[in-house]
Amino acid sequence: MTSDNRIGPPSFGNERDTLRAFLDYHRATLAMKCEGLTDEELRQQSMPPSTLSLLGLVRHMAEVERAWFRRVFEDNDAPMVWSDRIDFQAAYDASASTREEAFVTWEAEVENSRRIERDAESLDQVGYQPRWSEEVSLRMVMVHVLLEYGRHNGHADFLREGIDGIVGA
């Protein structure tokens, strides 16, 4: 990693601005963990039997953004990106993927999510989560996606450390 240009969340602010800032901070964290790596390094998997890779995490988070913003608030039938059914695990297979493919898709889904959040009148905006067959609030979606990033950024820490250890060897 070359530098940390992330903007930290505010120490004070309203709920919406705080959630938005934390989400963007975690999105920037995932991008930072991938910074400066080749496609091959991004596809490098952790220890067997895990097939987790940084590129797989980026692809997975594109699916998460789509499933929780686009499918809930705009188009309940929007297809997944890397699966013809609702299979979040399919995104982890980055064996034939490239940085460009994964990041262009992820960044487009992030921008779509930001637009949906900005256009919503409040965090109480209601959408329909088709996987659960129930309504959910924008607040719940933002917290859920924030927790997804937090969990997966923890994985990204270990993946990056493993790559940097090998690169430096």
Side-chain angles (χ1 to χ4, degrees), residues 1 3-35 52-94 97 99-160:
M1 294 177 293
S3 61
D4 184 349
N5 296 320
R6 297 172 297 169
I7 298 171
S11 298
F12 298 94
N14 66 40
E15 181 183 17
R16 190 170 192 165
D17 289 342
T18 301
L19 285 172
R20 182 184 293 150
F22 266 104
L23 257 176
D24 281 340
Y25 181 82
H26 276 283
R27 289 166 174 151
T29 298
L30 182 57
M32 184 181 77
K33 295 296 177 184
C34 297
E35 188 176 286
L52 196 58
S53 70
L54 284 167
L55 204 54
L57 285 177
V58 171
R59 288 167 46 105
H60 175 72
M61 291 313 297
E63 295 285 32
V64 168
E65 294 272 0
R66 178 176 284 211
W68 283 98
F69 285 95
R70 184 184 307 238
R71 286 180 51 88
V72 168
F73 294 105
E74 286 188 337
D75 179 2
N76 297 146
D77 297 317
M80 300 298 280
V81 181
W82 288 285
S83 171
D84 55 359
R85 55 189 172 82
I86 307 300
D87 179 8
F88 287 91
Q89 301 305 311
Y92 286 126
D93 181 4
S97 187
R99 167 192 289 277
E100 182 176 355
E101 174 218 23
F103 272 84
V104 164
T105 303
W106 174 60
E107 289 166 355
E109 291 302 329
V110 166
E111 284 309 311
N112 189 61
S113 298
R114 286 179 177 139
R115 179 188 51 76
I116 289 168
E117 183 272 320
R118 272 192 320 267
D119 291 349
E121 290 185 30
S122 80
L123 292 174
D124 295 323
Q125 171 95 20
V126 173
Y128 179 76
Q129 174 44 276
R131 288 179 58 219
W132 295 355
S133 299
E134 69 180 58
E135 291 183 337
V136 295
S137 70
L138 176 60
R139 175 183 293 101
M140 183 270 165
V141 168
M142 290 181 76
V143 169
H144 181 83
V145 174
L146 176 59
L147 291 171
E148 282 279 324
Y149 273 103
R151 180 168 63 110
H152 292 305
N153 280 337
H155 301 322
D157 283 337
F158 289 108
L159 288 163
R160 181 62 194 237

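Here the structure is a predicted model, which means the values were calculated and not measured.
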Applying the side-chain contact (heavy atoms from CB on, under 4.5 Å) test to Val72, which of Gln129, Arg131, Glu135 qualifies? Gln129
With Leu23, which of Arg20, His26, Arg27 fulfils side-chain contact (heavy atoms from CB on, under 4.5 Å)? Arg27
Holding to side-chain contact (heavy atoms from CB on, under 4.5 Å), I want the full list of residues that pass it with [X], two or more places apart in sequence or in another chain.
X      : value
Val104 : Glu100
Gln125 : Phe73, Ala120, Leu138
Thr29  : Arg6, Tyr25, Lys33, Asn153

Taking all heavy atoms of [X] and all of [Y], pick out the closest pair and write down the distance.
X      : Y      : answer
Leu52  : Leu57  : CD1-CD2, 3.6 Å
Pro9   : Ala21  : CA-CB, 3.9 Å
Gly13  : Thr18  : O-OG1, 3.6 Å
Ala94  : Gly56  : CB-N, 3.7 Å
Cys34  : Val58  : SG-CG2, 3.8 Å
Tyr128 : Ser133 : OH-CA, 3.1 Å

What class does the angle between the rings of His152 and His60 fall in, given that below 30° is parallel, 30 to 60° is tilted and above 60° is perpendicular?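 Perpendicular: the ring planes of His152 and His60 meet at over 60°.
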With rounding to the nearest 0.5 Å, note down the distance linking [atom1] in [X] to [atom2] in [Y].
X      : Y      : atom1 : atom2 : value
Arg70  : Ile116 : CZ    : CD1   : 7.0 Å
Met140 : His144 : CE    : NE2   : 6.0 Å
Arg118 : Ser113 : CZ    : OG    : 10.5 Å
Asp24  : Leu146 : CG    : CG    : 10.5 Å
Arg99  : Leu55  : CZ    : CG    : 8.0 Å

May I ask you to decide whether Arg66 forms a salt bridge with Glu63, counting only side-chain N to carboxylate O separations under 4.0 Å?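 Salt bridge between Arg66 and Glu63, a charged N being under 4.0 Å from a carboxylate O: no.
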If you define the side chain from C-beta out and look only at heavy atoms, does anything of [X] sit under 4.5 Å from [Y]?
X     : Y      : result
Phe69 : Glu109 : no
Arg59 : Glu101 : yes
Glu65 : Asn112 : no

Applying salt bridge (Lys or Arg N to Asp or Glu O under 4.0 Å) to Arg114 and Glu117, what does each step give before you reach the verdict? CA-CA 5 Å; Arg114 286 179 177 139; Glu117 183 272 320; over 6 Å; no
Quick one: does any side-chain atom of Arg160 pair with a main-chain N or O of Glu35 as donor and acceptor, under 3.5 Å?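 Side chain of Arg160 to backbone of Glu35, a donor-acceptor pair under 3.5 Å: yes, one is there.
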Output field: ring centroids Trp132/Trp68 closer than 6.0 Å: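 Centroid separation for Trp132 and Trp68: below 6.0 Å.
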